[in-house]
Amino acid sequence: MTTHEQQEQEVKRFFSTNLLEWYKVQKRDLPWRRHRNPYYIWISEIMLQQTRVDTVIPYFNRFIERFPTVESLADAPEEEVLKCWEGLGYYSRARNLQHAARQVKELYGGEVPNDRDAVFGLKGVGPYTAGAILSIAFNRPEPAVDGNVMRVLSRYFLLEDDIAKVPTRVKMERLAAELIPEGEASHFNQALMELGALVCTPKSPRCLICPVMEHCAARLAGCETSLPVKTKAKPPRPEERLAALVTGSGEHAGRVLIRQRPQSGLLARMWELPHWPAPPAEGGGPGALPEAAALDRLRRSLRQAGILARPEGHWTAAEHTFSHIVWTLQVYICREEDALALPLAAEARASYAAAAAVPAAADGAAGTGAAAELAPAEPFADGGHPEDAGAVRWIRREDMADYAFPNVFLKLLNSYFDEAEKEQL
DNA sequence: AAAACGGGGGT
DNA sequence: ACCCCAGTTTT
């Protein structure tokens, strides 16, 4: 063995032993670290995907209280799981998690399997989460490479590969596996992620308190802040939308109309205020749509969705940023026309739902050119909006507890009910 | 290989 | 106000 290879080995050994010692002293007291319950580890790892520890903690505690075991999760109504996930984002994680709980119940007697292929086969479990469960819960020497780990390794070993690429992750996994000290997979993998979260942070790493800074190649080269290398995500596309806050009349007095989103796609099965794409303003940029045009457009969208309501005026604007879209919602207060006519509205929705089941023309034509000129009762040029088939409910503030809302609608509804309450006084 | 899929924190 | 962060599934 050459001296160069010996040095390389020494740098690796230094990293592993120092990091492990640091972790044993510095590790945070986190709810899922208080027991070695594979179910807790699994739930926490799914929640921690794309999400920071501080955000996850209250969700984790509520979730475990409500679904203490794999079986309780497998047997729960899906809406309750979704409600528990409300505000956490990436809601397919919640549905995949319940699907996987049913897999564990049916296939493995309710015990999280201690087996690589079995864990991998669970819905919502990919290479990172499989490694995390196997190492943290069962102390198996599997790598668990997330963004934190790639940042730490790319700096310590000065690796300039693009961490957005799959081959880079595979390379990091090989390296991470090599670094695991005998019998210490659980602590070591957590140590790696803990270092990335507390010390080797993206913007201004705290190199002076880092347990391995002495041999950190990026630090020695003075390039730690330019690592890891990562291709930039493309900016989200803007979408202007008109939203309706419909207040009930007659038997719906004091209530607001909400509707459920489709079974798949963005915010699947979540509840919301109804909203539709805003037609582009005359020769104008976004947001320039005149109020009269917006009211007219909204009136026709409501009618087409089978909602008998009249838009009355602009209430507020709200912005909601996804990773790939930015919604600007112009919210209009609308008044339900006649509660007694609701059966008719239900009928309109049902017939529209049937029509919507027929494959419609490609999306994107909404509100452009001719569509803006159509008579009120005519469908839009693109065949309508897929959301319009969704179920609707009239709710009071107390009823919000029974429906899962994306954050933007949670805020709008709370704010509306606050205002409505104040006016009562 | 690239896009879809939320929400929050740092600067 | 703007920039950054990041696993799995679907296309």
Please work out if [X] contacts a base, only the sugar-phosphate, or nothing of the nucleic acid, heavy-atom cut-off 4.0 Å.
X        : answer
A:Thr129 : sugar-phosphate
A:Leu267 : sugar-phosphate
A:Val125 : sugar-phosphate
A:Asp54  : nothing

Distance-only donor-acceptor test (3.5 Å): side chain A:Gln50, base C:dG7 |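 Indeed, a donor on one side and an acceptor on the other fall under 3.5 Å apart.
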Ignoring hydrogens and angles, answer whether the base of B:dA2 and the side-chain atoms of A:Lys234 contain a donor-acceptor pair closer than 3.5 Å.
->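 No, the side chain and the base share no sub-3.5 Å donor-acceptor pair.
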Specify the residue among A:Arg93 and A:Lys165 whose closest nucleotide of DNA chain B lies further upstream toward the 5′ end.
->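 Going by which nucleotide is closer to the 5' end, it is A:Lys165.
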Residue whose closest nucleotide on DNA chain B lies nearer the 5' end, A:Ile325 versus A:Tyr59 =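 Residue closer to the 5' terminus by nearest nucleotide: A:Ile325.
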In whole Å, what is the span from the [atom1] atom of [X] to the [atom2] atom of [N]?
X        : N     : atom1 : atom2 : result
A:Met172 : C:dA6 : CE    : P     : 12 Å
A:Arg95  : B:dA4 : CZ    : P     : 17 Å
A:Phe405 : B:dG7 : CZ    : P     : 13 Å
A:Leu329 : B:dG6 : CG    : P     : 15 Å
A:Gln49  : B:dG8 : CD    : P     : 17 Å
A:Tyr128 : C:dT8 : OH    : P     : 9 Å

Quick check on [N]: is either OP1 or OP2 less than 4.0 Å from any side-chain nitrogen or oxygen of [X]?
X        : N      : answer
A:Ser204 : B:dT11 : yes
A:His320 : B:dG7  : yes
A:Arg151 : C:dA6  : yes
A:Lys232 : C:dC3  : no
A:His324 : B:dA4  : no
A:Tyr90  : C:dT9  : no
A:Ser323 : C:dC5  : no
A:Asn407 : B:dG6  : no

So what is the 5' to 3' dot-bracket string for DNA chain B, if pairs are Watson-Crick or G-U wobble with both distances under 3.5 Å, crossing pairs use [ ] and | means the partner sits on another strand?
-> |||||.|||||
If the P atom of C:dC4 is compared with that of B:dG6, how far apart are they to the nearest Å?
->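 Rounded to whole Å, the distance is 22 Å.
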Interatomic distance at C1', B:dA2 relative to C:dA6, whole Å =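 That atom pair is separated by 15 Å.
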Got a donor-acceptor contact below 3.5 angstrom from the A:Asn139 side chain to the A:Ala185 backbone?
->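 Here the side-chain-to-backbone pair exists.
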Are the side chain of A:Asp399 and the backbone N or O of A:Arg396 linked by a donor-acceptor pair below 3.5 Å?
->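 Yes: the side chain of A:Asp399 pairs with the backbone of A:Arg396.
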Considering only NZ, NE, NH1 and NH2 on the basic side and carboxylate oxygens on the acidic side, decide whether [X] and [Y] come within less than 4.0 Å.
X        : Y        : result
A:Arg269 : A:Glu78  : yes
A:Lys83  : A:Asp402 : no
A:Glu336 : A:Arg255 : no

Out of [options], which has the shortest distance to the side chain of [X]?
X        : options              : result
A:Lys230 : B:dG6, C:dT8, C:dC5  : C:dC5
A:Lys123 : B:dG6, B:dA4, C:dT9  : C:dT9
A:Tyr91  : B:dG9, B:dG6, C:dT8  : B:dG6
A:Asn96  : B:dA4, C:dC5, C:dT9  : C:dT9
A:Asn148 : B:dG9, C:dA6, B:dT11 : C:dA6

[X] and [Y]: aromatic ring centres closer than 6.0 Å?
X        : Y        : result
A:Trp327 : A:Phe322 : yes
A:Tyr59  : A:Trp85  : no
A:Tyr40  : A:His35  : yes

Would you please test A:Trp315 and A:Glu419 for side-chain hydrogen bond (donor to acceptor under 3.5 Å, both in side chains) and show each step?
-> CA-CA 11 Å; A:Trp315 173 48; A:Glu419 283 188 19; 3.2 Å; yes
Please say which of A:Thr316, A:Leu295, A:Val246 ends up in a side chain to side chain contact (heavy atoms under 4.5 Å, CB included) with A:Tyr332.
->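 The residue from A:Thr316, A:Leu295, A:Val246 that satisfies side chain to side chain contact (heavy atoms under 4.5 Å, CB included) with A:Tyr332 turns out to be A:Leu295.
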Residue mapping more 5' on DNA chain C - nearest nucleotide basis, A:Lys203 or A:Gly126 |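 Result of the comparison: A:Lys203.
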A:Leu122 vs A:Thr51, nearer the 5' end of DNA chain C by closest nucleotide =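 Between the two, 5'-proximity favours A:Thr51.
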